Amino acid sequence: MRTISAAEVEAALEFAPLIERLRKMFRSGCDVPVRHHHTIPTFDQHAATLLVMPAWQVGRYIGIKLVTVFPDNGTRSLPSIMGAYLLLSGKTGAPLALIDGPALTVKRTAAASALAASYLARNDASRLLMVGTGALAPHLILAHATVRPIREVLIWGRDAAKADRLARVLNRRGLKVASTADLEGAVRGADIVSCATLSREPLIRGEWLAEGVHVDLVGGFTPEMREADDDAITRARIFVDTRDGALSEAGDLTQPLAAGLITAEDVAGDLFDLTRGDRAGRRFYNQITLFKSVGTALEDLAAAQYAVEVT
């Protein structure tokens, strides 16, 4: 069994081909049971989460990801999300590779958001706001810049110093990156707003959204978590990565659903619909679009196969 490190995943999984791998996997599909989602008590302020995410293609590959989410790890200068991915032969069940889980997760998560943006963001979208400064933030910026002509990026975070450090690292020729303390102003001026936080209170206000903006909500993965308020949800044409996952796990949707502000029919489609051409994405230039992802083991399986092939 091979071991593929975080550095190897980072070097191997380039966004352009990875996005295409996800597009093909969503078109063809695979078997993806509902992931196991367990709350683990801790001695910190917040409970932890254990996720067990299996997927397989008959006769080809079986994959399973084990992920832990410890929200208070930031106080220890540790990542909130850790884990590992095991890829098995679909013919014999033999272990093929053990892959660094966090590196695989950030890559495939960012690629999924970029895949959605390739259908939902305006073709001329050039200004990106990144809300959040965690491990996903730099990958989301680079992934979105792969599918749209992003030239200007603002980064907002609760820790202004972290936002400033990240901006300095990413700033380069052709991609002007800066930090900002003005969240409202940055949202109002953005073509794409990407959020990757563990917030339990809405950060993005619907009244701030300009016509034609695309909102990418990545961070919230439980019914208690929110990144956008009800007004943002009701103003937008909504898409998700998978209906079953997002409509049961994403607080950005489950809360307005429970309040009767939207119905399940207000979700226009998922990545299966978009990649297969069953539903149109952006329908007109000034439309506000919103993509909510909670993650699916299909994405992990596609990324793991690609990682094994190219390393």
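Residues: numbered from 1 along the sequence shown. FYI, side chains are in, hydrogens and waters are out, and symmetry mates aren't considered; it's all heavy atoms of this structure. All values derive from a computational prediction rather than experimental measurement.
- Side-chain polar atoms of Thr311 and Arg2 form a donor-acceptor pair below 3.5 angstrom.
- With rounding to the nearest 0.5 Å, the separation of CE in Met53 from NE2 in His36 is 11.0 Å.
- Two residues are said to be in side-chain contact when any heavy atoms from C-beta on lie closer than 4.5 Å; Val218 and Phe291 fail this criterion.
- Between Tyr119 and Arg279, the side chains place no donor N or O within less than 3.5 Å of an acceptor N or O (distance only, hydrogens not considered).
- Shortest non-hydrogen contact noted between Ala303 and Leu13 is O-CD2, 4.1 Å.
- Side chains of Asp241 and Thr296: a donor-acceptor N/O pair is absent below 3.5 angstrom, by distance only.
- Taking the six-membered ring for Trp, Phe272 and Phe26 have ring centres closer than 6.0 Å.
- No chain of hydrophobic side-chain contacts below 4.5 Å, direct or via other Ile, Leu, Val, Met, Phe, Trp or Tyr residues, connects Val294 to Leu257.
- Between Arg21 and Glu309 there is a salt bridge, with a side-chain nitrogen of the basic residue lying less than 4.0 Å from a carboxylate oxygen of the acidic one.
- Each of Leu198 and Met130 belongs to its own hydrophobic cluster when Ile, Leu, Val, Met, Phe, Trp and Tyr are linked at side-chain heavy-atom distances under 4.5 angstrom.
- In this structure, CG on Asp300 lies 9.0 Å from CG on Leu298, to the nearest 0.5 angstrom.
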Exercise for the section: Please report the C-alpha distance between Ile233 and Arg226 in whole Å, then the side-chain angles of each, then the deciding distance to 0.1 Å, and finally whether the side chain to side chain contact (heavy atoms under 4.5 Å, CB included) criterion is met. Expected result: CA-CA 11 Å; Ile233 301 300; Arg226 289 294 299 266; 4.2 Å; yes
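- Between the side chain of Glu227 and the backbone N or O of Thr197 there is at least one donor-acceptor pair closer than 3.5 Å.
- Counting heavy atoms from C-beta outward, Val153 and Leu170 have side chains that stay 4.5 Å or more apart.
- Side-chain contact between Asn123 and Arg148: present, with at least one pair of heavy atoms (C-beta onward) separated by less than 4.5 Å.
- Contact record, Ile288 with Gly212: CG1-N, 4.1 Å, taken as the closest heavy-atom pair.
- Checked for salt-bridge contact, Arg76 and Asp44 meet the test: a charged N lies under 4.0 Å from a carboxylate O.
- Within the 4.5 Å cutoff, no side-chain heavy atoms of Ile19 are placed close to those of Ser118.
- The distance from the CZ atom of Arg35 to the NZ atom of Lys65 is 8.0 Å, given to the nearest 0.5 Å.
- The pair Glu20-Lys24 does not count as a salt bridge, with every side-chain nitrogen at least 4.0 angstrom from each carboxylate oxygen.
- Between Ile155 and Ile141 the shortest side-chain heavy-atom distance falls below 4.5 Å.
- Put simply, Met82 and Val106 are part of two different groups of oily side chains (I, L, V, M, F, W, Y) that touch within less than 4.5 Å, one to the next.
- Counting all heavy atoms, side chain and backbone alike, Leu247 lies closest to Thr254 at O-CG2, 3.4 Å.
- Between the CZ atom in Arg108 and the OG atom in Ser113 there is a gap of 10.0 Å [rounded to 0.5 Å].
- Between Tyr61 and Leu96, the closest side-chain pair of non-hydrogen atoms falls below 4.5 Å.
- Residue Glu14 places its CD atom among 12 or fewer non-hydrogen atoms of other residues, nucleotides or ligands, all under 6.0 Å distant.
- Closest non-hydrogen pair, Ser248 versus Pro223, comes out as O-CG, 3.8 Å.
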Practice task
Apply side chain to side chain contact (heavy atoms under 4.5 Å, CB included) to the pair Leu88 and Trp56, showing each step before the final yes or no.
Solution key: CA-CA 9 Å; Leu88 311 166; Trp56 59 85; over 6 Å; no
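- Put simply, Phe221 and Leu217 are part of two different groups of oily side chains (I, L, V, M, F, W, Y) that touch within less than 4.5 Å, one to the next.
- Note on Tyr85 and Tyr306: same hydrophobic cluster, where clusters join Ile, Leu, Val, Met, Phe, Trp and Tyr whose side-chain heavy atoms are under 4.5 Å apart, directly or indirectly.
- Under the 4.5 Å side-chain criterion, counting only non-hydrogen atoms from C-beta, Thr39 is not in contact with Thr222.
- Taking CD1 of Ile62 as the start and CG of Leu301 as the end, the distance is 9.5 Å to the nearest 0.5 Å.
- Nearest heavy atom pair, residue Val308 against residue Ala97, reads CG2-CB, 3.8 Å.
- When all heavy atoms of Ala12 and Val310 are compared, the pair lying nearest together is CB-CG2, 3.5 Å.
- Side-chain contact between Leu203 and Arg158: present, with at least one pair of heavy atoms (C-beta onward) separated by less than 4.5 Å.
- For the pair Asp278 and Arg276, the salt-bridge criterion is not met [side-chain N within less than 4.0 Å of a carboxylate O].
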Exercise for the section: Determine, step by step, whether Asp229 and Glu207 satisfy the side chain to side chain contact (heavy atoms under 4.5 Å, CB included) criterion, reporting the C-alpha distance in whole Å, the side-chain angles of both residues, the deciding distance to 0.1 Å, and the verdict. Expected result: CA-CA 10 Å; Asp229 68 3; Glu207 63 184 296; 5.7 Å; no
